[in-house]
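Position 1 is the first residue of the sequence, and the numbers go up from there.
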Amino acid sequence: MNSMKIRRTAIAVAAAALLPFSLAACSDSGSDTKAAPTAAAADEAKTGAGTPAADTMTGDKPFGPACAGVPKDGAGSFDGMAKDPVATAASNNPALSTLVAAVKKAGLVDTLNNAKDITVFAPTNDAFAKIPKADLDKVLADKEQLTKILTYHVVGQKLSPKQLENGSFETLQKGMVTTTGSGEAYAVNDTANVVCGNVKTANANVYIIDSVLMPK
């Protein structure tokens, strides 16, 4: 009997001693199980929160093949242009030097720089080069005609790429321009392609185009 009692007591003591360790092990195991989903959920939350923000930023950036030729820094870069009004910003972009010269000849520098919330369809030097030199010289010498052509490239509101998908807008010249396209491919009046779009300046959105628009 004494032997049996001693053995039972020993078993009871051993069980009592092991119980806290068993409970602790179960508790740790449960914590690990809960922690893993929490970490995964945190990662998903980060991914979910970051992706739309990244998409939004991408959608608001300049786009198009000619954007690669824009200086990476300085006054002619995208960041630099965003700080200046549109005529000044354009003067810092080497690809727009013919346009800038035309704007100066027409006396439109202050008009464009002081305008609020406009869109400028800006022809590149190559766009002007498509016009026969004799015709271009004639237009540049005729301030009234030059003003009509240049103000036909300006819309009195800031246009987003989304608005260009199927748009019709009155210009400062009082004529109408139409726009079509989607994604990163847009055309103006079905004759000029946007080669670098959604360029920000202090007072305008600029869409650089590969042909000069002519008022109808």
Side-chain angles (χ1 to χ4, degrees), residues 51-72 76-82 84-87 89-100 102-103 108 112 115-131 135-136 139 146-216:
T51 303
D55 289 345
T56 301
M57 286 177 66
T58 303
D60 200 40
K61 287 182 178 179
F63 61 83
C67 291
V70 174
K72 300 299 180 188
S77 66
F78 292 129
D79 288 341
M81 291 180 72
D84 291 321
V86 65
S91 71
N92 293 319
N93 187 319
L96 301 176
S97 58
T98 305
L99 172 63
V100 171
V103 167
L108 292 173
L112 294 177
K116 291 185 178 179
D117 297 333
I118 59 175
T119 293
V120 176
F121 295 104
T124 62
N125 296 343
D126 290 341
F128 280 99
K130 291 180 181 180
I131 303 172
D135 293 342
L136 181 58
V139 169
L146 182 59
T147 299
K148 284 181 180 178
I149 292 172
L150 293 176
T151 54
Y152 184 66
H153 289 73
V154 183
V155 173
Q157 59 177 305
K158 282 187 177 181
L159 300 176
S160 67
K162 186 71 177 173
Q163 289 174 283
L164 300 187
E165 289 183 359
N166 186 21
S168 181
F169 310 99
E170 184 177 10
T171 68
L172 296 193
Q173 181 266 341
K174 300 303 181 185
M176 301 295 292
V177 292
T178 59
T179 56
T180 55
S182 63
E184 296 187 356
Y186 297 93
V188 187
N189 287 355
D190 294 324
T191 59
N193 297 308
V194 174
V195 293
C196 184
N198 206 29
V199 178
K200 310 290 187 184
T201 74
N203 66 328
N205 285 352
V206 177
Y207 293 88
I208 300 174
I209 55 178
D210 65 0
S211 297
V212 176
L213 306 174
M214 291 297 179
K216 296 177 182 178

Tell me the closest heavy-atom pair linking S211 and K130, and the distance in Å.
OG-NZ, 3.0 Å

From CG (N92) to OG (S77), nearest 0.5 Å:
9.0 Å

When you check the side-chain N and O atoms of S97 and N125, is any donor under 3.5 Å from an acceptor?
yes

Minimum side-chain heavy-atom gap V206-K200 below 4.5 Å:
no

Quick check on side chain to side chain contact (heavy atoms under 4.5 Å, CB included): which of T147, T98, L112, L146 does V103 satisfy it with?
L112

Please round to the nearest 0.5 Å and tell me the distance separating atom OG1 of T178 and atom CZ of F169.
9.5 Å

Could you tell me which non-hydrogen atom of F63 sits nearest to which non-hydrogen atom of P161, and how far apart they are?
CE2-CG, 3.7 Å

Just so I know, are the side chains of F78 and P71 near enough to count as touching, which here means a heavy-atom distance under 4.5 Å?
no

To the nearest 0.5 Å, tell me how far I149 CD1 sits from T171 OG1.
12.0 Å

Taking side chain as C-beta onward, heavy atoms only, is H153 less than 4.5 Å from Q173?
no

Using 0.5 Å steps for rounding, measure from the CG atom of L213 to the CG atom of N189.
5.5 Å

Do T119 and N205 pass the side chain to side chain donor-acceptor pair (under 3.5 Å) test, and can you show the C-alpha distance, the side-chain angles, and the key distance before you say yes or no?
CA-CA 5 Å; T119 293; N205 285 352; 5.0 Å; no

Less than 4.5 Å apart, any side-chain heavy atom of N166 and any of T179?
no

Point-to-point distance, once rounded to the nearest 0.5 Å, from NZ of K174 to NZ of K148
14.0 Å

Which of these, N193, T124, V120, V194, sits in a side chain to side chain contact (heavy atoms under 4.5 Å, CB included) with I209?
V194

